[in-house]
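Structure record follows, encoded as structure tokens.
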There are 2 protein chains.
Amino acid sequence: MNLPPLVQTFVLHFGEMGSRWGINRTVGQIYALLYLSKEPLNAEDIVERLGVSRSNVSMGLKELQAWNLVRLQHKPSDRRDYFSTPDDIWQIVRTLVEERKKREIDPTMTLLREVLMQEPASAEERHAQDRMREMHDLFELLTGWYADVQRLDTERLVQLLTLGSKVQKILEMKDRLFVVPGSKKSRRDDAKEK
Amino acid sequence: MNLPPLVQTFVLHFGEMGSRWGINRTVGQIYALLYLSKEPLNAEDIVERLGVSRSNVSMGLKELQAWNLVRLQHKPSDRRDYFSTPDDIWQIVRTLVEERKKREIDPTMTLLREVLMQEPASAEERHAQDRMREMHDLFELLTGWYADVQRLDTERLVQLLTLGSKVQKILEMKDRLFVVPGSKKSRRDDAKEK
DNA sequence: CCAATATTTCAGAAAATTCTGAAATTTCGG
DNA sequence: CCGAAATTTCAGAATTTTCTGAAATATTGG
């Protein structure tokens, strides 16, 4: 491995971290390297810096492309493929969340919907189905939130995140200001009192 | 594997899904089984239903305990260990997020902080450090948001998630209502115009 | 077109992980 | 305490994943 120490530390860490995700060491290292690099890199650059085989890099890049995590580009009068990550880190986050949802949540939701259609044949199955329904509803809530928030432009997203749970305070304020006292909606807070 | 079809479908799916996480098939299956089960199960129960070795179950349960994902309990006049998942699915989510943060984010933040202290020895290292700083700041924002939201009770958390980006609307409303026109704070929206 | 260059594919080697059975250790009722 | 029951440990077998080198395929400047 042929990298400045500071870069190497990061690349090695991401290689190890990859295993905690569904990603292998080389893929993690390639991504880390591209993320830190100012200039786009071609496959041979990556081979030299990471010290892995050309074919391994080829497969790694293919996987990263399948994840939409790298951008392929070309330099004038150079037929080699150059790869880079988006400059905007928020774009990276959005892609990551999107792709993980696609691979992990969506198939699970499909399965849950299927299983929830079936008729339980025993008390045991009935209970299992109830549990699956809880999970289904939870995922629905989370993905709904995500679908909503994902549309915000970055500035507003950051604003929202910075606010954190302080939003809650504003909600309470809103409730107090705009809900007609005695109406159905305003009873929520009363309920807490009991 | 000796399970009602509906349960088996879910257990097999979670087994496969486990690989996408850092968790192995058996651990995924054990967790799925416990999640669906009304009654706590002992190790031998799990062996029978999943058809894996006793030692494999032992190691799987140990791992799930390390993740705080299962609860160990005992039945009167039975010395065997019985395992279950929390009834409250939100408790499960909280634990999962907490543990993943502990294993993935925290070590990465430690590394980033260390590397950001060092003096870059070249333009390349300087750029790499800038990129790492972006990541560091991003994680700080996200974990800050999480730390904040994590404290909410479930009812309010659900409320917040249901609202999604509509929060934004309320924020704008708040701005319009309470910010003194011409003050520093009220200029945020003006900036967007240019 | 074609030859040089670039990239991908893929079979099998290497490495890592998962799983098992047997043995060791722990626990606790009597 | 003892011994039966329960659990854990662990060496190595089985399986899966990762990685490589060689060969095949694709691309493009001239």
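Note that these values count all heavy atoms, side chains included, but never hydrogens, waters or copies made by symmetry. Every chain is numbered from 1 and lettered A, B, ... according to where its sequence line falls, protein lines coming before strand lines. Here the structure is a predicted model, which means the values were calculated and not measured.
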Spacing of [X] atom [atom1] relative to [N] atom [atom2], expressed in whole Å:
{"X": "A:Glu44", "N": "C:dT8", "atom1": "CD", "atom2": "P", "value": "13 Å"}
{"X": "A:Ile46", "N": "C:dA6", "atom1": "CD1", "atom2": "C1'", "value": "14 Å"}
{"X": "A:Leu72", "N": "C:dA6", "atom1": "CG", "atom2": "C1'", "value": "13 Å"}
{"X": "A:Leu64", "N": "C:dT8", "atom1": "CG", "atom2": "P", "value": "12 Å"}
{"X": "A:Arg79", "N": "D:dG30", "atom1": "CZ", "atom2": "C1'", "value": "11 Å"}
{"X": "A:Glu63", "N": "D:dC19", "atom1": "CD", "atom2": "P", "value": "11 Å"}
{"X": "A:Leu41", "N": "C:dT7", "atom1": "CG", "atom2": "P", "value": "13 Å"}
{"X": "B:His74", "N": "C:dT26", "atom1": "NE2", "atom2": "P", "value": "17 Å"}

Measuring from the side chain of [X] (C-beta onward, heavy atoms only), which nucleotide among [options] has the closest atom?
{"X": "B:Ser55", "options": "D:dA5, C:dG21, D:dA26", "result": "C:dG21"}
{"X": "A:Met59", "options": "C:dT5, C:dT9, D:dT7", "result": "C:dT9"}
{"X": "A:Arg54", "options": "C:dT8, C:dT20, D:dT18", "result": "C:dT8"}

Problem - Heavy-atom neighbours of B:Arg25 CZ exceed 12 at 6.0 Å - result: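 No, not enclosed.
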Problem - Enclosure of B:Lys38 NZ (heavy-atom neighbours >12, cutoff 6.0 Å) - result: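 It does not: B:Lys38 NZ has 12 such atoms or fewer within range.
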Exercise for the section: Examine D:dT18: is either OP1 or OP2 under 4.0 Å from a nitrogen or oxygen in the side chain of A:Thr26? Give yes or no. Expected result: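 Checking A:Thr26 against D:dT18: no side-chain N or O falls below 4.0 Å of OP1 or OP2.
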Exercise for the section: Report yes if at least one side-chain N or O of B:Lys62 is closer than 4.0 Å to OP1 or OP2 of D:dT7; otherwise report no. Expected result: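 So the side-chain polar atoms of B:Lys62 never come under 4.0 Å of the phosphate oxygens OP1 or OP2 of D:dT7.
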Handout entry: Pairing of A:Glu98 and A:Lys102 as salt bridge, 4.0 angstrom limit
Key =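 Not counted as a salt bridge, because no side-chain N and carboxylate O are separated by less than 4.0 Å.
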With a 4.0 Å cut-off on heavy atoms, is [X] in touch with a base, just the backbone sugar-phosphate, or nothing at all?
{"X": "B:Ser19", "value": "nothing"}
{"X": "A:Ser77", "value": "nothing"}
{"X": "A:Arg25", "value": "sugar-phosphate"}
{"X": "A:Arg80", "value": "sugar-phosphate"}
{"X": "A:Asp81", "value": "sugar-phosphate"}

Exercise for the section: Verify whether one side chain among B:Thr85 and A:Arg131 offers a donor that lies under 3.5 Å from an acceptor in the other. Expected result: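 Result is yes, a qualifying pair exists.
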Practice task
Decide yes or no, distance alone: a donor-acceptor N/O pair under 3.5 angstrom between the base of D:dG21 and the side-chain of A:Ser53.
Solution key: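 When only heavy-atom distances are counted, A:Ser53 does not reach the base of D:dG21 through any donor-acceptor pair under 3.5 Å.
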Exercise for the section: Nearest-nucleotide wise, let me know which of B:Asn56 and A:Ser58 is further upstream toward the 5' end of DNA chain C. Expected result: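 The 5'-side residue here is A:Ser58.
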Practice task
Check whether any side-chain heavy atom of A:Glu125 lies under 4.5 Å from a side-chain heavy atom of A:Gln118, and answer yes or no.
Solution key: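 No; the side chains remain at least 4.5 Å from each other.
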Practice task
Side-chain contact test, heavy atoms from C-beta onward, threshold under 4.5 Å: evaluate it for A:Phe14 versus A:Tyr35 and give yes or no.
Solution key: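 They are not in contact (no side-chain heavy atoms under 4.5 Å apart), so the answer is no.
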Exercise for the section: Return the 5'-most residue of the pair A:Gly51, B:Asp78 with respect to DNA chain D, ranking by each residue's nearest nucleotide. Expected result: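 Its nucleotide being nearer the 5' end, the pick is B:Asp78.
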